4 protein chains.
Amino acid sequence: MYTHCFVKDYTWCMTSKVRRRVHTGRKRNDAARRAILDSAANLLASAEGAAVGIDTIAAVAGVSKRTIYRWWPSKGAVLLEAMVDRAKELAPATDTGSLAGDLRAFLTATFRSARQPQNAALLRNAMAESLKDAAAAQALHTFTADRRAVLHGILSGARERGELAPDADLDLTVDQAYGVLWYRLLIGHAALTPNAAVKLAAALARQVSPR
Amino acid sequence: MYTHCFVKDYTWCMTSKVRRRVHTGRKRNDAARRAILDSAANLLASAEGAAVGIDTIAAVAGVSKRTIYRWWPSKGAVLLEAMVDRAKELAPATDTGSLAGDLRAFLTATFRSARQPQNAALLRNAMAESLKDAAAAQALHTFTADRRAVLHGILSGARERGELAPDADLDLTVDQAYGVLWYRLLIGHAALTPNAAVKLAAALARQVSPR
Amino acid sequence: MYTHCFVKDYTWCMTSKVRRRVHTGRKRNDAARRAILDSAANLLASAEGAAVGIDTIAAVAGVSKRTIYRWWPSKGAVLLEAMVDRAKELAPATDTGSLAGDLRAFLTATFRSARQPQNAALLRNAMAESLKDAAAAQALHTFTADRRAVLHGILSGARERGELAPDADLDLTVDQAYGVLWYRLLIGHAALTPNAAVKLAAALARQVSPR
Amino acid sequence: MYTHCFVKDYTWCMTSKVRRRVHTGRKRNDAARRAILDSAANLLASAEGAAVGIDTIAAVAGVSKRTIYRWWPSKGAVLLEAMVDRAKELAPATDTGSLAGDLRAFLTATFRSARQPQNAALLRNAMAESLKDAAAAQALHTFTADRRAVLHGILSGARERGELAPDADLDLTVDQAYGVLWYRLLIGHAALTPNAAVKLAAALARQVSPR
DNA sequence: CGATAAGCGAGACGGTACGTCTCGTCTTTGA
DNA sequence: TCAAAGACGAGACGTACCGTCTCGCTTATCG
C-alpha cells in the first residue's frame, strides 16, 4: 500500500569521480579501501560540527556499509584510520644543528599543519570519536605515540650535543608541546600561531637546557 | 490494558533523598534544577565510557524530560553545566610567598583533583560533549577560561615580586600547564602524578623567571 | 551499568507465534509487514478507548519503530492499512434473485460483521485516526469507496431485472445504508441489529423500486 | 546559566477584541466561560486538520488552563460544549402542511448548515474528540439525540395527518437522514448538496408513507 | 575447466537515544 | 480573593544513527 518513506541524498558531498570501481571478485578491493578512507577523511575534514555518519561515509565512498564493517570494527576505527592516513605528511623532523632550531622548525611546521581548517577539523573529530569508541581511542593513542616519539627523538638527539640537562624530563616536555597544541585545538580560545610555536620552542629549549 | 512492569532500575545511582520533591507551582523549582544537575554530574562521573542519556538523567533526577529541555537547549548543555557546577571546588589559589611554591601548590592540587577517577570521567565526558554540541562547547569554554584566569593570576602575581621575565608569555605558560593536564587526561598515555605536577611547576617557574 | 529489567509486558496480545522471525536481508521482510499489520489490527480491535501507540504496535509486532516508519508515513496510515487488511473478509455480495433479497443478505451480513465488538472497535478507531491523519483519511476513503462499490453493484444489478426506478439515485441510497451503519457505530445510540438490517433493506428496496 | 527554551506565539489566531477582560474579583467567570467557548469554537471551526490544543484555547481566550479545567473535565468536554453552543442555531423545525414539505425544508436547512466549511470542521472535530474522550462522547450523544428528536417530531407529527404507514420505523428513518449527513461529512466522498437533501427528503417521505 | 570461496553493493532490520509535543495538575503572584 | 501565568510529570511521536544480516552478483582460486 505504501512504499518506502525516508530516503537520503548524499550527492552534495560526492566530490569527484568516485563511482564506477571495478569488481575484484574474491580478493579485497583496495580501491574500495581507499575510497572509504578518503570519504571518511574528507567528511571529517569538512564537517563543521556535524557528526560524520557511517551511512554518509558509505554513500560518499560508493560502498556498502557491510564492506566497511567487514574490515573495521566500528565507526571510530574507520575515522581514526582515515585521520592517521591523512596525517601522514604531518611529520618532518629536520636537523638544523641546534636543539632550539630543531624545536622551532618542528613546532612551527606542526602548528601550521594543525592550524589548517581541514586538519583542525580532522583532529577535533578524531578526538571526539576517540572519547566514545575504544577502537578509535586505541588508534589515536598509537598515532599520538608516534608523534610524541618524533619530538622525543628531536629532544634526545640534543643530548650528545650537550644541550640537555641530565635531569630533564623529556616526556613532560613533549606533553607540554602537544598539550598546548591539543588544548588550543579543542578549546579554541587561542590560535596556533607561528609566533606561539616559536615562543613555545624557545621556552622548551630553555627548559631542558643545562643549568 | 497492558501491565506496566517498571521501565528501568536506576536506584543504583540515586545517591540521596532525591524523591518527593514539592511542587513549586508557577516559579522554577530549584530543587528540580539541583536534582537534574546532580543526576547529570553523578552519571558523568560514573559512566565509564557509556554515554549518558537524557532519559537516564531525567529518570535518575525524578524529573520529566520536558523539564530538562525547558531550561537547557541540549543534552550537552546540561552535562556541561553539571560538570562546571560539580567542579566548583577544584580551584584553590594559595599564596606560599614564591612563584615556584604557588605553582607547585596549585598544579599539585589541580592534578590531584583531575586524577580522581570521577573527576577524570567528568572532564573526559565533558570534552566529548563539547566536541559535538555547540552549547556544551560554550560552557566548557567559559569553564576553562575561569581556570586559566586563576593560574594566570598566580603567574602575574609574581611580577611585583620580580620573579617574572618582562617578556614572558603568560598565556602560553598557562596553556602548557592545562595542556599537559588535558592531553594526558584525554589520551591517557601517562598519569597526572604528583611528581609530574611538581616537575611541571618547576619547569614553568623557570621558563618565566628573569634571565 | 544499570540493570535492565523489561520495559513492558505485551504478552497479553501476542496472539500467535510472532517471535523468531528470520532476517530476509536485502529485501523487505514480509513476515515483519504481517506482524506489524496484525499487531496494529489486534490493538485496534482490543483497545477500548485507549489510543494505540506506535511503540506498542512495534513492541507487540517484535519490530523496531524504524521499520514501521520505513514503510508507512504515519501512525494513522499503519492503523488504517491494518484495518482495511483485517476487513478483507467483510464483503460477500450474494445473488438471491431479487433486489430485496440481495439487499437483505448483504446488509444483514454487513451489520452482523460491524456489530462484533472487535470489528466495531476497529472501525471506530479507524475513523478516529482518519480524522487526525491525512494518510489515514486517504486509506479510509479508499476502503469505504470499495464497500460502496459493492453495494452499488448490487443495486445496479437490479436494473436489468426491472427492479429499479429509472430516476433512482443509487449513490444516495448507498450512503443511506452505510450512513446508518457508521452513524450508529460512532454515536452508539442504537445497535446494528439484524432486525434493523432487514428493515433497512426493505426500505431501501422500496425506495428505488419503480413507481 | 540558561533561561527558558521553548515559548510559543499564539497571536496568529487571536481574532478579535478578546483580550482585556475586567477582573472584578469573585463572580467574573461568565465572561471567561464565554471567551473559552468562543475560543474553542473558533479554533474548531478554523483548524483545517490541525488538532486544537488546550494551551491554544487558553491562550486565545486569554484565560489560564486552570480556569478551563476548573469547569470542564477534559479537553474534549470543552470542545464539545463549544460545538453544541455554536450549533444552537442549526435547528429550525418548520410546518409546511405536508410531511414531504416539512422534511424537505428541514433537511435542506440542515444540509446547508452542515455544508458550511466552519460548521463542517466543527462537526468533524467534534466527532474526532468524541472518539477519544468519554465526556466528549457523552456531549455529542446528547447533542445528536436532540437533533434526532427534532426530526423524529417532524415525522411523528405526520401520523395524525395519515401520512405515515403504521409499521414505519421512525428511528431508522431518522438515522438514515443523519447517517447520510455524517457519513458524507466524515468520509468526504460526496457533498451535502441541496439536491441531495431534496432527493433524500422525497425518498424518506415515500419510505414511511402508507402502502 | 568447473566448483567453490570470498568480496562486494544494496538495503532491510532491531535497538536505542534524541528532542518535541500535548495533557492535566499544581503553586505562586499580580490585580 | 480570584484567576493568569506558567512550571511540572507523564508519556507518545517521528527521526537519527549504529552495527548485523541476507540477497544476488562477480571474480579469483583450488581441485
Side-chain angles (χ1 to χ4, degrees), chain A residues 4-8 21-29 32 51-56 58-59 61-76 133, chain B residues 7 21-29 32 51-56 58 62-71 73-75, chain C residues 7 21-29 32 51-56 58 62-71 73-75, chain D residues 4-8 21-29 32 51-56 58-59 61-70 72-75 133:
Chain A
H4 232 204
C5 319
F6 292 152
V7 219
K8 286 229 184 172
R21 215 176 307 104
V22 286
H23 204 323
T24 59
R26 185 177 179 176
K27 63 156 64 121
R28 176 166 190 182
N29 190 335
V52 179
I54 273 287
D55 297 81
T56 312
V63 140
S64 104
K65 278 201 292 180
R66 190 66 217 269
T67 301
I68 296 181
Y69 281 107
R70 201 190 321 279
W71 302 107
W72 288 274
S74 69
K75 184 181 71 156
D133 184 286
Chain B
V7 182
R21 215 177 309 107
V22 289
H23 204 326
T24 59
R26 178 179 184 175
K27 65 154 67 113
R28 178 167 188 182
N29 191 334
V52 179
I54 273 287
D55 296 81
T56 310
V63 139
S64 101
K65 266 201 299 182
R66 188 62 219 269
T67 299
I68 297 179
Y69 282 109
R70 199 191 321 282
W71 300 107
S74 68
K75 186 179 68 157
Chain C
V7 181
R21 217 176 307 107
V22 288
H23 205 326
T24 58
R26 177 181 186 176
K27 63 156 66 112
R28 177 167 190 182
N29 190 336
V52 179
I54 274 285
D55 296 82
T56 311
V63 140
S64 100
K65 267 202 296 183
R66 190 61 219 268
T67 299
I68 296 180
Y69 283 108
R70 198 191 320 282
W71 300 108
S74 69
K75 185 180 68 156
Chain D
H4 231 204
C5 320
F6 291 154
V7 218
K8 286 232 183 170
R21 214 176 312 101
V22 277
H23 192 301
T24 27
R26 189 140 188 175
K27 207 56 183 171
R28 195 56 40 232
N29 41 20
V52 179
I54 273 286
D55 296 80
T56 312
V63 139
S64 100
K65 280 202 292 179
R66 190 66 216 271
T67 302
I68 297 180
Y69 281 108
R70 205 189 318 281
W72 287 274
S74 70
K75 184 181 73 158
D133 184 286

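Residue numbering restarts at 1 for every chain, and letters A, B, ... go by the order of the sequence lines. In this text the structure is predicted, and so the values were computed from the model without any measurement.
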Hey, is the side chain of [X] poking within less than 4.0 Å of OP1 or OP2 on [N], counting only N and O atoms?
X	N	result
A:Arg21	E:dG9	yes
B:Tyr69	E:dT20	no
D:Thr67	F:dA4	yes
B:Thr24	F:dA7	no
B:Trp71	F:dC8	yes

- Message: Using every non-hydrogen atom in the two residues, find where A:Ala58 and A:Ser64 come nearest and quote the distance to one decimal.
- Response: CB-C, 4.3 Å
- Item | DNA chain F: 5'-proximal contact among A:Asp133 and B:Ala32 (nearest heavy atom) | B:Ala32
- Which residue lies toward the 5' end of DNA chain E, A:Arg70 or B:Lys65, if each is placed at its nearest nucleotide? A:Arg70
- Message: For the backbone of A:Trp71 and the side chain of A:Arg28, can you confirm whether one donor and one acceptor N or O come within less than 3.5 Å of each other?
- Response: no
- Item | pair C:Lys65-C:Asp55: side-chain heavy atoms closer than 4.5 Å | yes
- Message: Is the shortest side-chain heavy-atom distance between C:Val52 and C:Lys75 below 4.5 Å?
- Response: no
- Query: Who passes side chain to side chain donor-acceptor pair (under 3.5 Å) against D:Asp133, sequence neighbours left out?
  - Reply: D:Ser74
- So how far is it from C:Asn29 CG to C:His23 NE2, rounded to the nearest 0.5 Å? 8.0 Å
Expressed in angstrom and rounded to an integer, what is the separation of [X] atom [atom1] from [N] atom [atom2]?
X	N	atom1	atom2	answer
A:Asp55	F:dT15	CG	C1'	13 Å
B:Lys75	E:dA17	NZ	C1'	8 Å
C:Arg66	F:dA12	CZ	P	21 Å
D:Ile68	F:dA5	CD1	C1'	13 Å
A:Asn29	E:dA6	CG	C1'	13 Å
C:Ile54	E:dC21	CD1	C1'	16 Å

- Has the side chain of A:His23 got a donor or acceptor that lies under 3.5 Å from a partner of the other kind on the base of E:dG7? yes
- Query: Sequence neighbours excluded, which residues qualify as side-chain contact (heavy atoms from CB on, under 4.5 Å) partners of B:Pro73?
  - Reply: B:Ala77, B:Ala135, D:Tyr2, D:Cys5
Between protein and nucleotides 29-31 of chain F, what N or O pairs are separated by less than 3.5 Å?
residue, atom, partner, partner atom, Å
F:dT29, O4', A:Arg26, NH1, 3.4

